[in-house]
There are 2 protein chains.
Amino acid sequence: MARTMRKPRRGELTRDRVVATALDCLDRLGLEAFSMREVARAVGVFPTALRWHVPGGRNGLLAEAAALALSGVTPEGDAAKDWRAWLRDLFDRYRAAMRRHPNAAALLGAQLVSNGGVPLALVEGVLTALEAAGYQGDALRDAYNAVIAAMVGFATLEFAPEPAEDRDGWAASLRTHVEASVRDAGRYPTLARNANQVAGQAFVLRWQTGSAAPLDSGFACYVDVFLRGLDAARGSSSKAKTRDVLF
Amino acid sequence: MARTMRKPRRGELTRDRVVATALDCLDRLGLEAFSMREVARAVGVFPTALRWHVPGGRNGLLAEAAALALSGVTPEGDAAKDWRAWLRDLFDRYRAAMRRHPNAAALLGAQLVSNGGVPLALVEGVLTALEAAGYQGDALRDAYNAVIAAMVGFATLEFAPEPAEDRDGWAASLRTHVEASVRDAGRYPTLARNANQVAGQAFVLRWQTGSAAPLDSGFACYVDVFLRGLDAARGSSSKAKTRDVLF
DNA sequence: ACCTGAACACCGTTCAAGT
DNA sequence: ACCTGAACACCGTTCAAGT
């Protein structure tokens, strides 16, 4: 499976070294400013040389960097034993990984597949947990999709990047705008009633990304809601019901 | 509030017209290939002229296009009357909007704010629904964050774009890779047992985006799980509990 | 107020050439 | 096998100039 079976001598340019420094560049520069030329500079080589190690070009390299950021998120424990704990662990680990690599969040949040190897252990784990929870067949697949989307969803939004240029000015003007609208009791009574809990601490109403101002309790609620929902929705999908009737 | 109070004569270049054609370009070209120069071409003007109408540059224009794609998602009904129905409607409308503008999904899925006006009606509605559901104070804020993340999460992943170049070759090779791994009963027994339900129809294991192969039943399950969870988690946040004890 | 036009610095990628 | 080096087509943005 390994693409190259060579001894990687010290100081040599490896595919792995390219991917690692790519993730490093992504962390430093952000997704927009990330460039092949910068990666090449970082590893001390001409831009075009990268292509030999990473044929996928910029997108391929980003995909591999994202996959690297994802390494270690799959819990080691047995998913069948305590499926709730396993899934909760998975959610926590995914968010923690995105916390370490916030600029990879948008990448993983909107990608068909991590291009450099499908994370099959993760898939297997989720399926095992959901089977233990009582899901099977089409309902299992649907629940699996729900879990993956949920795992990815919160962190993607939480770590969404601030605009690159004039961050402070942008934050200041957005802040005053939000703090004004949020007290418009005439048009938005519920919002006004909860202005203090919400301004600067809620999606769409905040002016800092999750790296600077984490949404810990929001995430805790999110996971709670989702796990309880998985419990409650078990065996109640409309399709499953009609099938049970038919057979 | 409106930025310009002018009569927009026929054929004139308006800010709105620029944003509308920008969304059009985004739909046609995708996020990566989207360029100011192409938008300028489409409206028949020099690239630098756009900057007069849209000072935000490329990112600003994209943000406004995304906001336009989002118009009409907030349900008109009373969120306090039947909060479950209202939220379900919201989820459906958001996904439908992203179905119409798949390339805007990634944009909205990873953005702090839609830059050209915060969607306050949506915020107000969600807060009202959650208050009706029994959430208040910090727990209300947390639940709000959970709802927004959930609303955005599924569609962002479902409509994640396929690679721009060599789509067919990519799909074919990924397909064979997935179909092989998925039957590796030794390493992934649960996966192998559910290979038929899952291959090509589940996140990370599919080779088509949601525009070509919608994940309808997965989305239905997702919404179901989340709404049931909101029901069950009500008034059970750890903080709320300790507060109830203290006072 | 609204748009043209040239110029700048920076991209990703291709392709030939070196060793 | 692995990397250099030049070249190409395309960017977003700035800034002066037109009307």
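In what follows, every chain begins at residue 1, and chains take the letters A, B, ... in the order their sequences are listed. Values below: all heavy atoms of this structure, side chains included; hydrogens, waters and symmetry mates excluded.
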(request) Assess whether side chain to side chain contact (heavy atoms under 4.5 Å, CB included) is satisfied between A:Val54 and A:Leu50, documenting all intermediate values. (result) CA-CA 6 Å; A:Val54 188; A:Leu50 293 181; 5.7 Å; no

(message) Across nucleotides 13-19 of chain D, 5' to 3', mark each nucleotide with B, S or - according to how protein heavy atoms within less than 4.0 Å reach it.
(response) SB-----

(message) Using whole Å, what does the distance between atom C1' of nucleotide C:dG12 and atom CD of A:Glu38 come to?
(response) 15 Å

(message) How many whole angstroms separate atom CG of B:Leu13 from atom P of C:dT4?
(response) 9 Å

(request) Under 4.0 Å from any atom of DNA chain C, heavy atoms only: list the residues of residues 21-35 of chain A that qualify, in numerical order. (result) A:Phe34, A:Ser35

(request) Quick one: stems involving DNA chain D, counted as three or more successive Watson-Crick or G-U pairs, both distances short of 3.5 Å. (result) C:4-8 with D:12-16, C:12-16 with D:4-8

(request) Look at the side-chain N and O atoms of B:His53 and state whether any lies under 4.0 Å from the OP1 or OP2 oxygen of C:dA1. (result) no

(request) List in chain and number order the residues that pass salt bridge (charged side-chain N to carboxylate O under 4.0 Å, His left out) with A:Asp216, two or more places apart in sequence or in another chain; answer none if no residue qualifies. (result) A:Arg95

(request) Using whole Å, report how far CZ of A:Phe46 lies from P of C:dG12. (result) 16 Å

(message) Please enumerate all residues that pass side-chain contact (heavy atoms from CB on, under 4.5 Å) together with A:Ala220, with sequence neighbours excluded.
(response) none

(message) According to ring pair (Phe, Tyr, Trp, His ring centres under 6.0 Å), who are the partners of B:Phe154, at least two apart in sequence or on a separate chain?
(response) B:Phe203, B:Phe219, B:Tyr222

(request) Can you tell me the distance, in whole Å, between the CG atom of A:Leu50 and the C1' atom of D:dC2? (result) 12 Å

(request) Mind checking side-chain contact (heavy atoms from CB on, under 4.5 Å) for A:Asp27 and listing every partner two or more places apart, or none if nothing turns up? (result) A:Leu23, A:His101

(request) Sort and list the pairs that fulfil salt bridge (Lys or Arg N to Asp or Glu O under 4.0 Å) and have at least one residue in residues 99-110 of chain A, not counting sequence neighbours. (result) none

(request) Could you list the residues that satisfy side-chain hydrogen bond (donor to acceptor under 3.5 Å, both in side chains) with B:Arg28, not counting sequence neighbours? (result) B:Glu38

(message) Could you work out, with side-chain hydrogen bond (donor to acceptor under 3.5 Å, both in side chains) as the rule, every residue matching B:Thr190, not counting sequence neighbours?
(response) A:Glu124, A:Thr128

(request) Taking side-chain hydrogen bond (donor to acceptor under 3.5 Å, both in side chains) as the test, write out the residues that go with B:Glu165, two or more places apart. (result) none

(request) Return the set of residues passing side-chain contact (heavy atoms from CB on, under 4.5 Å) with A:Pro47 (not counting sequence neighbours), or none when no residue passes. (result) A:Arg37, A:Ala40

(request) Take atom CH2 of B:Trp52 and atom C1' of C:dA1, then tell me their distance rounded to the nearest Å. (result) 6 Å

(request) Check B:Gln201 against B:Asn196 and note the closest heavy-atom contact, atom names and distance. (result) NE2-O, 3.7 Å

